[in-house]
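When reading the values below, keep in mind they use all heavy atoms of this one structure, side chains included, and skip hydrogens, waters and symmetry mates.
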Amino acid sequence: VVLKWGPYPSDLDSHMVGPEENGKFHVYYRDMNSNYVSLDTDDTSSYGPETITINQSEPGVYSYYVHDYSNRYDSNSTSMSNSGATVQLYVGNTLMYTINVPTNQVGTVWHVFDYDSNTGMITLANEFRNQSEPSYVGR
């Protein structure tokens, strides 16, 4: 999963939440690795890319989110939705999907998609909400 965006806001963060042998994992800049998933690149100064790799999957649903860390305390912010962000999903080196951020949406968290490793299905969520604390993204 590759996240890219424009100059503003300067810090968008990739988050993935999903199943792990002993519960759930939450991969993001504070906890960049789980047993099978890693945040390979964290960018804090615009444009990205930020990349998350699923090296091996456990059965269950993986959810991918983008958090507007720069504006996390502004519950009226539309900065992320107007950032030009794109999320690209690859399987190996093959680009499968490109998802563009919906414009003029209020929120600091963009729930982009869910991946069901049991069925191989990707479900687009494209939902926005507010969350100031990064560790609560995806909860």
Side-chain angles (χ1 to χ4, degrees):
V1 181
V2 179
L3 168 66
K4 297 176 185 173
W5 68 98
Y8 300 106
S10 63
D11 193 2
L12 295 182
D13 287 322
S14 292
H15 290 250
M16 185 167 277
V17 177
E20 199 164 56
E21 295 162 345
N22 299 318
K24 286 199 168 230
F25 71 83
H26 180 189
V27 167
Y28 66 116
Y29 74 92
R30 285 187 191 157
D31 191 1
M32 294 177 66
N33 296 289
S34 76
N35 289 336
Y36 306 117
V37 177
S38 61
L39 173 62
D40 306 311
T41 307
D42 178 34
D43 184 291
T44 61
S45 59
S46 300
Y47 302 103
E50 291 214 356
T51 61
I52 287 184
T53 302
I54 300 173
N55 298 304
Q56 179 180 331
S57 63
E58 287 289 309
V61 175
Y62 293 70
S63 298
Y64 180 78
Y65 301 86
V66 178
H67 186 224
D68 181 355
Y69 186 83
S70 297
N71 295 291
R72 65 191 178 279
Y73 298 118
D74 182 358
S75 61
N76 294 311
S77 178
T78 59
S79 291
M80 179 169 43
S81 74
N82 294 314
S83 67
T86 61
V87 172
Q88 297 175 310
L89 280 72
Y90 288 85
V91 175
N93 292 327
T94 303
L95 176 63
M96 303 301 286
Y97 297 97
T98 298
I99 305 159
N100 297 308
V101 66
T103 57
N104 300 314
Q105 301 291 310
V106 173
T108 59
V109 175
W110 172 28
H111 179 186
V112 183
F113 69 86
D114 294 319
Y115 163 65
D116 186 332
S117 66
N118 297 316
T119 63
M121 295 295 295
I122 301 284
T123 303
L124 296 182
N126 268 337
E127 298 171 342
F128 280 78
R129 65 171 201 226
N130 287 301
Q131 178 54 254
S132 59
E133 176 50 50
S135 64
Y136 292 136
V137 170
R139 289 189 185 186

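- A distance of 6.0 Å or more separates the ring centres of Tyr97 and Phe113.
- Both Leu124 and Met16 are members of a single hydrophobic cluster when ILVMFWY side chains are connected at heavy-atom separations under 4.5 Å.
- For the pair Gly48 and Asp43, the tightest heavy-atom approach, listed with the atom from each and the gap, is O-OD2, 3.5 Å.
- Using a 4.5 Å heavy-atom threshold, the side chains of Val66 and Val112 count as touching.
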- Query: Could you go step by step and tell me if Met96 and Ile122 meet the side-chain contact (heavy atoms from CB on, under 4.5 Å) rule?
  - Reply: CA-CA 10 Å; Met96 303 301 286; Ile122 301 284; over 6 Å; no

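- Below 30°, between 30° and 60°, or above 60°: for Phe25 and Tyr62 the angle between ring planes is between 30° and 60°, a tilted geometry.
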- Query: Given Ser14 and Tyr64, is the side-chain contact (heavy atoms from CB on, under 4.5 Å) satisfied, shown in steps?
  - Reply: CA-CA 7 Å; Ser14 292; Tyr64 180 78; 2.7 Å; yes

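- Of all the heavy atoms in Tyr69 and Asp13, the pair that sits closest is CB-OD2, 3.3 Å.
- Under the 4.5 Å side-chain criterion, counting only non-hydrogen atoms from C-beta, Ser10 is in contact with Ser46.
- By the 4.5 Å heavy-atom criterion applied to side chains, Tyr8 and Ser70 are not counted as neighbours.
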- side-chain contact (heavy atoms from CB on, under 4.5 Å) between Leu12 and Met80, intermediate numbers included: CA-CA 8 Å; Leu12 295 182; Met80 179 169 43; 4.0 Å; yes

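- Residues Trp5 and Val106 are members of separate hydrophobic clusters, defined by side-chain heavy-atom contacts under 4.5 angstrom among Ile, Leu, Val, Met, Phe, Trp and Tyr.
- Here the closest non-hydrogen pair linking Val17 and Val137 is CG2-O, 4.0 Å.
- When side chains are defined from C-beta on, Arg139 does not count as touching Gln131, because their heavy atoms never get closer than 4.5 Å.
- Residues Ser83 and Pro9 are in side-chain contact: their nearest non-hydrogen atoms beyond the backbone lie under 4.5 Å apart.
- Contact detail for Asp114 and Ser63: the closest heavy-atom pair is OD1-OG, 2.6 Å.
- For the residue pair Glu127 and Tyr65, no side-chain donor N or O sits within less than 3.5 Å of a side-chain acceptor on the partner.
- Applying the ring-ring contact (aromatic ring centres under 6.0 Å, His included) criterion to His15, with sequence neighbours excluded, gives His26, Tyr28, His67.
- For the pair Thr78/Asn104, no side-chain contact is recorded, criterion being any heavy-atom separation below 4.5 Å from C-beta on.
- The shortest heavy-atom contact between Val27 and Val37 is CG2-O, 3.8 Å.
- The backbone N or O of Ser38 sits nowhere less than 3.5 Å from a side-chain atom of Thr53 that would complete a donor-acceptor pair.
- Of all heavy-atom pairs between Glu20 and Asn35, the closest is OE2-N, 2.9 Å.
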